[in-house]
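Working notes, structure below.
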Protein chains: 2
Amino acid sequence: MTEALDEQALDTLFRKARSFSYWQDKPVSDEQLQAVYDLMKMGPTSANCLPARLVFIKTPEAKERLKPCLAEGNVDKSMSAPVVAIIGMDLEFHEKLPRLFPHTDARSWYAGKPEKIYETAFRNSSLQGAYFMLAARSLGLDCGPMSGFDSEKLDVTFFPEGTIKSNFICAIGYGEASRLHARGPRLEFEEACRIL
Amino acid sequence: MTEALDEQALDTLFRKARSFSYWQDKPVSDEQLQAVYDLMKMGPTSANCLPARLVFIKTPEAKERLKPCLAEGNVDKSMSAPVVAIIGMDLEFHEKLPRLFPHTDARSWYAGKPEKIYETAFRNSSLQGAYFMLAARSLGLDCGPMSGFDSEKLDVTFFPEGTIKSNFICAIGYGEASRLHARGPRLEFEEACRIL
């Protein structure tokens, strides 16, 4: 039996959570990153394929390598964040399926099928990116996801082996709530949903 | 200041949550579906683009239309679920950006650029699909996500207008925990993550 969350938890995850562009001068430890990963890894993926690969950029040296890959509007909010996570996707994820999904030959569903590999890696690493953000919020951290960057340049810089592609990036830390803008509107249920 | 969740909430969302294939004979109300949507809609998307479009399949008639679209292994677990949600993506999401992201001309970032539209819709509707699953779990429901279906057939059946494409489907209800298999292994932090 699944226990529903209390109202405060729903606020933390969804209702009061915001995407931040400004950050408090408060670090995020390696242990916190490990704790976020240990939650996000439990989220469901297709055939347990777990294609997400994360790079956590913390040091000034690593940030300097990230900087030229970013869209202009994302530079300051990335450079000032305690950590920027790159959420990438492993296009050889299927090589791990004999271990991750051992009861059938799931590797053969993907091997030699680059379109299916890409679609599965993109969908499931995006799911895992969402799990990452909600796991970070669950542990009291704030997020600032971004897709404005030069993915080719970023991939050459951080994934030079060529088999991992970036999906999106996400700053994490403790947000500066005083500098938030008003929240954007959302689509009503009737605009986005049908019940048949 | 973001409040961290308690241990039980982390179990509900991540650590003890499972993907279900068998369901208790216990309905899910339209009000519950609305409540799940009202949480998931708050999750972040790029430029607040909110591309996910959901169809909730509840009635025997709608399930009969879904059935021929499903991979054989997904028929029983879908037909026996109280609700199957189709998570689709609107390839005209950018037409709503003047309202959803009014402070700049975000529509022009996408209009006439079908590859960028598709990539953005796919990434962000996948994020929203993950928000959907974690929102459902937050409210005490269980999920059974699936990507084994004939997307062309499903799109013709449920999105005949042609501008919405299915991303994945997800059964929701109250899972039959006695019929779960052992949980699959996960990748260790060192296998999936680097800190720079």
Side-chain angles (χ1 to χ4, degrees), chain A residues 2-5 8-10 12-15 17 19 30 33-34 37-39 41-44 46 48 50 52-59 62 96 99-101 122-123 126-127 129-131 133-135 137-143 145 147 167-168 184-187 189 192-196, chain B residues 2-5 8-10 12-15 17 19 30 33-34 37-39 41-44 46 48 50 52-59 62 96 99-101 122-123 126-127 129-131 133-135 137-143 145 147 167-168 184-187 189 192-196:
Chain A
T2 302
E3 297 275 354
L5 273 57
Q8 184 178 293
L10 300 180
T12 293
L13 285 172
F14 295 108
R15 295 190 301 216
S19 294
D30 291 1
L33 300 178
Q34 168 97 43
Y37 177 73
D38 283 341
L39 291 175
K41 74 180 180 186
M42 305 313 287
S46 184
N48 198 31
L50 299 167
R53 300 292 178 268
L54 280 70
V55 179
F56 294 110
I57 296 177
K58 287 185 74 173
T59 61
K96 292 191 164 64
R99 181 177 132 217
L100 296 175
F101 202 68
F122 191 24
R123 175 185 298 113
S126 299
L127 294 177
Y131 305 149
M133 291 191 279
L134 295 189
R137 289 175 174 178
S138 293
L139 297 177
L141 293 162
D142 295 309
C143 296
S147 50
N167 186 338
F168 70 100
R186 297 300 198 268
L187 298 177
F189 185 84
C193 304
R194 280 183 292 153
I195 300 177
L196 297 182
Chain B
T2 302
E3 297 275 353
L5 272 57
Q8 183 179 294
L10 299 180
T12 293
L13 286 171
F14 295 108
R15 294 189 302 214
S19 293
D30 292 0
L33 300 177
Q34 168 96 44
Y37 177 74
D38 283 340
L39 290 175
K41 73 180 181 186
M42 304 314 287
S46 186
N48 198 31
L50 299 167
R53 300 293 178 267
L54 279 70
V55 179
F56 295 110
I57 296 177
K58 285 185 75 172
T59 60
K96 294 193 162 64
R99 180 176 134 220
L100 297 175
F101 203 68
F122 192 24
R123 175 185 298 116
S126 299
L127 294 177
Y131 305 150
M133 292 191 278
L134 295 190
R137 289 175 174 179
S138 294
L139 297 177
L141 293 162
D142 294 309
C143 296
S147 51
N167 186 338
F168 68 100
R186 297 301 196 266
L187 298 176
F189 184 85
C193 305
R194 282 183 292 154
I195 300 176
L196 299 181

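Just so it is clear: chains get the letters A, B, ... in the order the sequence lines come, proteins before strands, and each one is counted from 1.
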Taking B/T12 for its side chain and A/A4 for its backbone only, find out whether a donor-acceptor pair lies under 3.5 Å.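 Not a single qualifying donor-acceptor pair exists.
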
B/S138 side-chain N/O to A/L5 backbone N/O, donor-acceptor pair under 3.5 Å: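 Not confirmed, B/S138 side chain does not pair with A/L5 backbone.
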
So which residue, [options], ends up with the most heavy-atom pairs under 4.5 Å with chain A?
options	result
B/K41, B/M133, B/R15	B/K41
B/A192, B/C143, B/P145	B/A192
B/A135, B/S19, B/G129	B/A135

With only heavy atoms counted, which part of [X] is less than 4.5 Å from chain A, the side chain, the backbone, both or neither?
X	result
B/D30	both
B/L13	side chain
B/Q8	side chain
B/N167	both
B/A52	backbone

Over 60° means perpendicular and under 30° means parallel, so classify the ring planes of A/F56 and B/F189, tilted if in between.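 Rings of B/F189 and A/F56: parallel, under 30°.
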
Closest heavy-atom pair and its distance - [X], [Y]:
X	Y	answer
B/R186	A/M42	NH2-O, 3.0 Å
A/R99	B/P185	O-CG, 3.4 Å
A/K58	B/I195	CD-CG2, 3.7 Å
B/R123	A/S147	NH1-CB, 4.1 Å

State the CG-CG distance between A/L187 and B/L100, to the nearest 0.5 angstrom.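 Going from the CG atom of A/L187 to the CG atom of B/L100 covers 5.0 Å.
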
Could you tell me which of A/S46, A/A17, A/C193 has the largest number of non-hydrogen atom pairs under 4.5 Å with chain B?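 With the most close heavy-atom pairs to chain B, the winner is A/C193.
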
Contact winner vs chain B - A/N48, A/D38, A/L134, heavy-atom pairs under 4.5 Å: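 The answer is A/N48.
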
Under a 4.5 Å heavy-atom cut-off, does chain B meet the side chain of A/A130, its backbone, both or neither?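 The answer is both parts of A/A130.
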
Examine whether an atom of A/T59 lies under 4.5 Å from a heavy atom of chain B, and if so say whether it belongs to the side chain, the backbone or both; otherwise answer neither.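 For A/T59, heavy atoms of backbone and side chain both lie under 4.5 Å from chain B.
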
Of all residues at least two apart in sequence or in a different chain, which pass the ring-ring contact (aromatic ring centres under 6.0 Å, His included) check with A/F14?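 Result, ring-ring contact (aromatic ring centres under 6.0 Å, His included) vs A/F14: none returned.
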
